[in-house]
There are 2 protein chains.
Amino acid sequence: MNREDLLFSIRTLIRSHDAAAFASIASTTHALDLVEALDLFGTDATLGLLMLLPPPARAELFAHFPDGAQDALLTAMPRDAVVTLFEHLPSDDRADLYHRLDAAARQHLLPALAKVERDDLLRMAAYPEGTVGAVTTSDYACLAPQMAVADAIAHLRHTALDKETINIIFVLDHDQRLRGSVSLRDLVLADGHAPIESIMRSPPTTADAYWPQLQAAELIRRYDLLALPVTHADGRMIGIVTVDDAMDIEKQQDASQLARFGGTVSAQGNDLDVRSTPLKQMFRVRVFCLAILTGFGILTSTFVAAQEALLSQVIVLAAFIAPIVDMGGNTGSQSATLVIRSMALGELKLSWRDVWFVVRRELPVAAGLGVTIAVLEAILAYFSKGVGMDVLLVVGSSMLVCTALGGIIGALLPFAARRIGTDPATLSSPMITSIMDLIGVFIYFGFAYLFLGDLLTAAA
Amino acid sequence: MNREDLLFSIRTLIRSHDAAAFASIASTTHALDLVEALDLFGTDATLGLLMLLPPPARAELFAHFPDGAQDALLTAMPRDAVVTLFEHLPSDDRADLYHRLDAAARQHLLPALAKVERDDLLRMAAYPEGTVGAVTTSDYACLAPQMAVADAIAHLRHTALDKETINIIFVLDHDQRLRGSVSLRDLVLADGHAPIESIMRSPPTTADAYWPQLQAAELIRRYDLLALPVTHADGRMIGIVTVDDAMDIEKQQDASQLARFGGTVSAQGNDLDVRSTPLKQMFRVRVFCLAILTGFGILTSTFVAAQEALLSQVIVLAAFIAPIVDMGGNTGSQSATLVIRSMALGELKLSWRDVWFVVRRELPVAAGLGVTIAVLEAILAYFSKGVGMDVLLVVGSSMLVCTALGGIIGALLPFAARRIGTDPATLSSPMITSIMDLIGVFIYFGFAYLFLGDLLTAAA
């Protein structure tokens with residue numbers, strides 16, 4: 001069903017409240033498409049339609065709404081419907097939603113839940129945001145090692161409906177310890193009499209619930225996993241992280257990396273979101289970053305102001321400050337991001353071998369860039385301003401050194417960031433620019449005194 | 001087996017050439033871990049071990065080597081082994097490897113292949129790099145609609161070994177047109193007598209082989225797919241893109257986005273890689289970007305040079321040029337990356353509604369940032385240089401306008417980039433800085449003439 005037809009159908013259903021018709025639409029339309037269409041109709045209309053669905057389908061659709069919409073729907077929902085919802089939500093979505101409840105709502109909810117759901121909820125919701133545990137679902141399929149394949153398939157038939165996935169099934173011993181995993185494919189292809197332990201494999205890796213989420217996502221990507229087991233230190237199984245969550249985690253992280261590199265570093269670690277972050281918080285985080293850069297800039301401007309004598313002799317020197325020191329930042333930004341890119345793809349690690357490798361490759365490139373850009377700048381400077389040879393020497397030499405040095409320093413900064421334990425993207429582009437500004441004015445006026453210093457003594 | 005044990009075992013096997021032992025290691029170690037361990041032993045030793053494996057296992061392991069290592073192994077491999085390799089490689093890896101052969105090698109290879117493999121290879125290799133077709137594999141599982149579930153499972157048992165995945169099976173009619181898909185889970189849970197068409201679902205979406213790869217990856221992430229069907233315009237099935245490839249595509253793209261934003265935009269579209277790109281190409285791409293920025297910088301410096309009269313009256317004005325115009329770039333960089341982030345997460349689209357929404361939110365923040373930073377700069381300027389009130393007015397006012405304007409312009413640039421059809425990250429941080437430099441000097445000297453212009457007339 002295309003979007004227009006879907007919107008038309010929803011509009012009709014809001015008036016007619018035809019439960020069977022809506023259930024039919026919900027089962028044939030992908031949940032995300034339905035959620036986006038419902039977004040246009042507002043909370044009350046959406047809730048009315050949701051309540052037409054049987055609780056399992058209702059919870060499954062609810063789980064696809066964005067957090068803000070979920071909160072609005074929850075507020076408008078009658079209390080017993082809230083309890084039913086929590087009982088049917090997938091384990092990880094349930095824990096997320098619980099996190100967003102205030103204390104009063106939680107106190108009302110918990111006693112009303114069935115024990116099994118309440119225990120699972122409290123267990124999964126205990127993991128802090130951003131950890132592997134927070135994206136772990138306890139709805140995984142498991143088997144005992146001695147089970148025969150045919151019995152295992154029969155067991156799955158009974159239990160599969162509540163499971164996030166049965167494409168990978170985990171083999172646990174009687175202490176809940178992970179012994180291995182078996183794919184549904186292997187089960188289907190195997191001899192029905194064989195014991196599970198004869199066809200199971202060791203999972204390539206497991207994750208600890210307190211690791212950062214990103215680590216789980218990287219493992220899933222590296223080993224092409226459909227589900228990553230999450231265990232306690234002693235091997236007891238907690239739950240799984242599925243590949244679709246891994247894709248979302250990586251997308252979120254990579255999208256935020258660009259924002260961090262652009263100069264917005266939030267201390268609490270929450271990403272700023274252009275659409276939803278409160279304006280006060282948006283201002284606070286950004287002004288903090290900009291204030292640091294302002295402080296840096298004052299160092300630069302103080303130094304330049306101190307060169308008053310030389311500047312008053314050769315006014316045109318002032319014209320080139322910005323373009324020359326900026327080129328250090330430009331080249332630095334290029335090499336820094338190329339290094340960060342390779343780190344993100346796992347091609348570079350924090351090791352002296354890799355640092356030396358990068359420097360060895362960057363040196364000739366940076367030198368070549370320095371010479372080329374210096375010559376280009378000198379030529380352009382001559383034809384646009386007709387400056388004399390001595391100023392051209394200053395401009396050219398400082399452009400060369402700034403460009404080349406910017407490239408080298410930029411390539412090293414991500415390693416330095418990793419060394420002190422920060423995400424390399426935090427050494428943002430504005431930070432690189434400010435550092436190179438300061439270094440650049442020293443270089444620029446250094447050459448100015450070298451080639452034009454005689455003007456000062458002459459004037460004195 | 002941990003890494004040390006693995007390396008020790010490999011070292012032993014290189015001497016002993018014990019085929020059974022190596023086959024055992026290859027089946028219990030994840031291919032990627034084995035490949036990384038073998039990397040330390042060089043091409044010849046690796047090839048020796050590879051040839052110990054039966055062709056199917058050999059091809060599977062080979063497919064996990066990085067491109068450079070694959071090429072080296074291929075060069076060292078005897079010709080009939082190359083043909084065998086091509087016959088056993090997964091369809092998409094085979095097409096990739098074929099792309100990297102030179103014309104002579106291809107001419108030797110093609111006639112030697114069995115017809116089925118040759119036809120598949122030529123078909124899949126025809127898709128250009130970067131398209132969906134280039135990451136599509138034809139090794140998918142398919143069924144006919146009228147098949148009974150029990151027969152379908154039996155059919156899968158016979159054909160599954162060659163398939164990339166059987167977790168999702170595609171239902172095709174006799175013209176190879178996609179009718180629907182069925183998950184292995186649904187097959188296992190269904191009644192053995194039911195026809196496939198009674199349990200199949202419509203796939204949420206399909207992809208065209210000539211779309212950019214990233215679009216396929218985004219669809220897989222959006223709809224939580226395990227495999228995305230790739231079809232001709234008339235619905236005939238070509239192959240599938242699997243979720244693990246989608247994760248790799250997105251990772252590659254996001255990592256490169258940062259490099260593009262850092263100021264390295266490659267015209268051919270190939271990402272620069274710090275480790276592997278030839279130095280000449282690295283230089284060429286980067287010098288092109290820097291030269292454009294140099295040209296921009298000349299405009300800025302020409303304008304500043306023309307303000308010689310004013311500058312010679314108030315030398316200290318020169319000190320503040322860089323920090324003030326830079327702040328426009330810093331704020332612009334912040335807002336641009338925040339907008340690009342939201343676009344990457346699908347939260348913002350190219351629409352007037354979203355443009356207006358972003359501007360409405362950015363205006364108060366940019367204004368607040370402008371006022372705060374302007375006051376901060378003025379205070380710091382007073383205490384560090386003891387400048388007079390009139391200069392402080394110039395510094396403060398231009399800082400305010402540069403900061404606020406930078407924020408607004410930065411927020412709009414990604415929309416402008418999308419509008420002209422480029423990736424927003426191409427409007428790189430250095431580009432934003434250069435644009436704001438030029439705008440900034442106009443603003444700065446504008447205020448300088450406003451508040452200090454009387455000095456000029458007084459001096460004249």
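Note that this is a predicted model, so its numbers are computed, not measured. Residue numbers start from 1 in every chain, and the chains themselves are labelled A, B, ... in the order their sequence lines are given, proteins ahead of strands. Just so it is clear, the values below take in all heavy atoms, side chains as well, and ignore hydrogens, waters and symmetry mates.
In this structure, the portions of A/Leu279 lying under 4.5 Å from any heavy atom of chain B include both its backbone and its side chain. Of the atoms belonging to A/Gln252, heavy atoms from both backbone and side chain fall under 4.5 Å from chain B. Heavy atoms of A/Asp273 lying under 4.5 Å from chain B belong to its backbone as well as its side chain. Only the backbone of A/Ala190 has a heavy atom closer than 4.5 Å to any heavy atom of chain B. Residue contact with chain B, scored on non-hydrogen atoms closer than 4.5 Å, is absent for A/Thr242. A/Ser342 touches chain B through its side chain: at least one heavy atom from C-beta onward sits under 4.5 Å away, while N, CA, C and O do not. Contact of A/Arg260 with chain B is not made at all, since no heavy-atom distance falls under 4.5 Å. Contacts between A/Phe357 and chain B at a heavy-atom distance below 4.5 Å involve the side chain alone, from C-beta outward. In this structure, chain B has a heavy atom under 4.5 Å from the side chain of A/Glu36, while its backbone stays farther away. Only the side chain of A/Asp437 comes within less than 4.5 Å of a heavy atom of chain B; its backbone N, CA, C and O stay farther away. With a 4.5 Å cut-off on non-hydrogen atoms, B/Ala336 does not touch chain A at all. When heavy atoms are compared at a cutoff of 4.5 Å, A/Val316 approaches chain B solely by way of its side chain, counted from C-beta outward. Using a 4.5 Å cut-off between heavy atoms, A/Ala246 touches chain B through backbone and side chain atoms alike. Both the backbone and the side chain of B/Asp224 come within less than 4.5 Å of a heavy atom of chain A. For chain A, the nearby parts of B/Asp33 are the backbone and the side chain; heavy atoms of each come within less than 4.5 Å. With a 4.5 angstrom heavy-atom cutoff, B/Ile321 touches chain A only via side-chain atoms. Residue contact with chain B, scored on non-hydrogen atoms closer than 4.5 Å, involves the side chain of A/Leu226 exclusively. Both the backbone and the side chain of A/Ala305 come within contact range of chain B, judged by heavy atoms closer than 4.5 Å.
With contacts defined as side-chain heavy-atom distances shorter than 4.5 Å, the pair B/Phe261/A/Thr337 does not qualify. Looking at A/Leu380 and A/Leu376, their side chains come closer than 4.5 Å, going by heavy atoms from C-beta outward. Residues A/Thr264 and A/Phe288 have side chains not in contact (no heavy-atom distance under 4.5 Å, counting atoms from C-beta outward). Within the 4.5 Å cutoff, no side-chain heavy atoms of B/Val274 are placed close to those of A/Arg341. Using a 4.5 Å heavy-atom cutoff, the side chains of B/Thr433 and B/Phe296 are not in contact. A heavy-atom distance below 4.5 Å is found between the side chains of B/Leu225 and B/Thr205. Using a 4.5 Å cut-off on side-chain heavy atoms (C-beta onward), A/Val375 and A/Ile379 make contact.
Of all the listed residues (B/Ser256, B/Ala306, B/Ala411), the one sharing the greatest number of non-hydrogen pairs under 4.5 Å with chain A is B/Ser256. Interface summary for chain B: among A/Gly297, A/Ser384, A/Ser333, the most heavy-atom pairs under 4.5 angstrom belong to A/Ser333. The candidate with the highest count of non-hydrogen atom pairs below 4.5 Å against chain B, out of A/Ser276, A/Ser335, A/Gly410, A/Ala31, is A/Ser335. If you tally non-hydrogen atom pairs under 4.5 Å between each of B/Ile166, B/Leu338, B/Thr331, B/Thr372 and chain A, the highest count goes to B/Leu338. Between chain B and the residues A/Glu250, A/Met343, A/Arg286, A/Gln257, the most heavy-atom pairs under 4.5 angstrom are made by A/Arg286. Comparing B/Arg157, B/Gln334, B/Glu347 by how many heavy-atom pairs each has under 4.5 Å with chain A, the most go to B/Gln334. In terms of heavy-atom pairs under 4.5 Å with chain B, the best-connected choice from A/Thr165, A/Thr277, A/Leu156 is A/Thr277. For the options A/Asn330, A/Val304, A/Asp245, heavy-atom pairs under 4.5 Å to chain B are most numerous at A/Asn330. Across B/Val287, B/Val365, B/Leu293, B/Leu369, the residue that shares the most heavy-atom pairs under 4.5 angstrom with chain A is B/Leu369. Contact count against chain A (heavy-atom pairs under 4.5 Å) is highest for B/Ile373 among B/Leu311, B/Ile373, B/Thr300. Contact tally against chain B (heavy-atom pairs below 4.5 Å) for A/Lys280, A/His158, A/Glu377, A/His64: the top residue is A/Glu377. The greatest number of non-hydrogen atom pairs below 4.5 Å with chain A, out of B/Glu362, B/Arg201, B/Gln307, is found for B/Glu362.
The structure places CE of B/Met327 at 6.0 Å from CG of A/Leu290, a figure rounded to the nearest 0.5 Å. The CZ atom of A/Arg361 sits 5.0 Å away from the CE atom of B/Met282 when rounded to the nearest 0.5 Å. The CG atom of B/Leu187 sits 9.0 Å away from the CG atom of A/Leu184 when rounded to the nearest 0.5 Å. The structure places CD1 of B/Ile324 at 8.5 Å from OG1 of B/Thr403, a figure rounded to the nearest 0.5 Å.
Of the possible polar contacts, one joining the B/Tyr444 side chain to the B/Leu317 backbone as a donor-acceptor pair under 3.5 Å is found. Under the 3.5 Å distance criterion, the side-chain polar atoms of A/Arg275 are left unmatched by any main-chain donor or acceptor of B/Val358.
Nearest heavy atoms, B/Gly329 versus B/Ile432: O-CG2, 4.1 Å. In terms of heavy-atom proximity, B/Gly406 sits nearest to B/Met436 at CA-CE, 3.5 Å.
For A/Arg221 and B/Asp244, the salt-bridge test fails: no basic side-chain N is under 4.0 Å from an acidic carboxylate O.
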